[in-house]
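For reference, the structure discussed in these notes is given below.
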Number of protein chains: 2
Amino acid sequence: MRISTRGEYGLRAMVELALYQGQGPLALNVIAQRQGISEPYLEQLMGTLRKAGLVNSVRGAQGGYELSRPAAKVTVGQVLRALEGPIIPSECLTEDGEFVCVQMEECATRLLWRKLQEAIDSVVDAITLADLADEQRRLQVRSGALMYEI
Amino acid sequence: MRISTRGEYGLRAMVELALYQGQGPLALNVIAQRQGISEPYLEQLMGTLRKAGLVNSVRGAQGGYELSRPAAKVTVGQVLRALEGPIIPSECLTEDGEFVCVQMEECATRLLWRKLQEAIDSVVDAITLADLADEQRRLQVRSGALMYEI
DNA sequence: AGGAATCCCTACAGGAATGGTCGGATTTGT
DNA sequence: ACAAATCCGACCATTCCTGTAGGGATTCCT
């Protein structure tokens with residue numbers, strides 16, 4: 001029951017983009033270096049996020065990536081689902097919360113899976129990239145980093 | 001972000017044991033057949049559950065498995081963690097909610113992982129096998145099954 | 001005592017997912 | 001034109017998942 005590095009790396013990259021939103025596109029190698037992620041690997045992830053419509057890319061020199069919407073309009077759930085597929089605890093559940101379990105017509109564990117999914121969704125759909133970017137700024141200020149960038 | 005079949009099968013088997021608790025041990029092949037699970041595969045899972053202290057086994061003819069505690073004292077979280085390892089969203093987190101992320105000293109996504117874990121734990125640690133067994137009985141009665149067993 | 005039932009354990013195996021790498025094609029600012 | 005970037009598809013090693021196989025140990029029943 002884990003989020004893979006895809007979701008973790010991709011989300012960290014998205015937070016990075018949120019931090020610098022409105023300042024032009026951010027190049028892949030900058031993000032990768034800043035987050036300590038393999039560049040070609042992150043490239044794949046960004047491709048997925050672009051196809052999902054969450055980021056825009058600018059090709060050519062001085063190009064890079066930027067959020068396609070304000071950070072406050074992008075939820076963590078959207079990012080994670082784009083990268084990891086539907087976040088559902090069991091095969092029994094579809095993305096819509098429907099059941100597709102053929103095995104048993106009536107199975108008590110469904111009750112559990114549904115509650116689990118609701119709990120997860122209520123978290124990932126409530127937190128936006130803006131929330132995480134705010135948190136990140138707070139942490140950076142506290143630890144005294146990044147002040148030389150003014 | 002899924003529970004594997006290990007957790008799913010194991011939990012279904014545990015619900016089965018909860019349903020028949022107090023009526024002597026339930027043989028592996030009975031559970032496997034009733035739940036539509038490969039018998040040798042389920043055998044492995046039961047071994048894990050036994051080592052975790054969640055079930056007792058009775059060897060020899062007429063043997064089988066039974067819950068080591070009342071169903072109301074066994075949470076879904078205990079079963080899932082025994083079978084799947086710690087239920088944590090990210091590598092950053094340990095079982096205790098501590099952070100072990102070496103990469104970045106301060107990372108905003110930690111906020112998210114912690115909230116996610118709290119949400120998941122609040123579900124799996126609140127639901128017991130007795131809850132699921134009750135639900136199962138309710139479903140079976142409603143669908144008119146099992147009445148010929150009286 | 002003997003056989004049958006049943007759990008116990010280890011090893012193996014095919015397939016999918018994970019976590020990347022690599023090389024080249026394409027686009028675009030300078 | 002050149003360099004900086006994204007884009008794209010193929011490849012690859014490792015691990016995890018989902019079992020299977022086979023034999024050993026224990027206990028009940030007759």
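Just so it is clear: chains get the letters A, B, ... in the order the sequence lines come, proteins before strands, and each one is counted from 1. Computed from a prediction, not measured in an experiment: that's the story for all the values here.
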Check whether any side-chain heavy atom of A:Ser90 sits under 4.5 Å from a side-chain heavy atom of A:Arg110, and report yes or no.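 No, side chains not in contact.
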
So what does B:Gly47 hit on the nucleic acid, given a heavy-atom distance under 4.0 Å: a base, only sugar-phosphate, or nothing?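 B:Gly47: no heavy atom of the nucleic acid under 4.0 Å.
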
Under 4.0 Å, heavy atoms only, any strand: does A:Arg50 hit a base, just the sugar-phosphate, or nothing?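 Here A:Arg50 touches the backbone only, sparing every base.
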
Under the criterion side chain to side chain contact (heavy atoms under 4.5 Å, CB included), which of B:Met46, B:Glu66, B:Arg69 is the partner of B:Val55?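 Only one of B:Met46, B:Glu66, B:Arg69 forms a side chain to side chain contact (heavy atoms under 4.5 Å, CB included) with B:Val55, namely B:Met46.
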
Using a cut-off of strictly less than 4.0 Å, decide whether [X] has a side-chain nitrogen or oxygen near OP1 or OP2 of [N].
X       : N      : answer
B:Thr5  : D:dC17 : no
A:Ser38 : C:dG19 : no
B:Ser57 : C:dT6  : no

Side chain of A:Ser4: nearest nucleotide among C:dC9, C:dG19, D:dT6?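 Closest of the options to the side chain of A:Ser4: C:dG19.
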
Whole-Å gap separating [atom2] ([N]) and [atom1] ([X]):
X       : N      : atom1 : atom2 : value
A:Met46 : D:dA5  : CE    : C1'   : 13 Å
A:Ile3  : C:dG19 : CD1   : C1'   : 16 Å
A:Glu39 : D:dA4  : CD    : C1'   : 11 Å
B:Leu42 : C:dC8  : CG    : P     : 12 Å
B:Leu26 : C:dA5  : CG    : C1'   : 15 Å
B:Glu84 : D:dC16 : CD    : P     : 13 Å
B:Tyr41 : C:dA11 : OH    : C1'   : 16 Å
A:Tyr9  : C:dT18 : OH    : P     : 14 Å

Check whether more than 12 heavy atoms from other residues, nucleotides or ligands sit under 6.0 Å from atom CD of B:Gln33, and answer yes or no.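 Check fails, neighbour count at 12 or below.
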
Quick one: do the B:Glu84 and B:Ser4 side chains pair a donor with an acceptor below 3.5 Å?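 Result is yes, a qualifying pair exists.
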
Do the charged groups of B:Glu16 and B:Arg12 touch, with an N to O distance under 4.0 Å?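 Between B:Arg12 and B:Glu16 there is no salt bridge, as every charged N stays at least 4.0 Å from the carboxylate O atoms.
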
Considering heavy-atom distances to DNA chain C, does A:Pro40 or A:Arg6 have its closest nucleotide positioned more toward the 5' end?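 First, find each residue's nearest nucleotide; the 5'-ward one identifies A:Arg6.
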
Pairwise N/O distances under 3.5 Å, protein to nucleotides 25-30 of chain C:
residue: C:dT26; atom: O2; partner: A:Arg59; partner atom: NH2; Å: 3.1
residue: C:dT27; atom: O2; partner: A:Gly60; partner atom: N; Å: 3.4

Return yes if the base of D:dC7 and the side-chain atoms of A:Glu43 contain a donor-acceptor N/O pair under 3.5 Å, otherwise no.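 Such a pair is found, so the answer is yes.
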
Can you find an N or O donor on one side and an acceptor on the other, under 3.5 Å apart, linking the side chain of B:Gln44 with the base of D:dT20?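 Such a pair is found, so the answer is yes.
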
Minimal non-hydrogen separation, B:Ala18 against B:Arg137, with atom names: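 Where B:Ala18 meets B:Arg137 most closely, the heavy atoms are O-NH2, 4.1 Å.
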
Are B:Leu42 and B:Val58 co-members of a hydrophobic cluster defined by side-chain heavy atoms under 4.5 Å apart?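 Not linked; separate clusters.
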
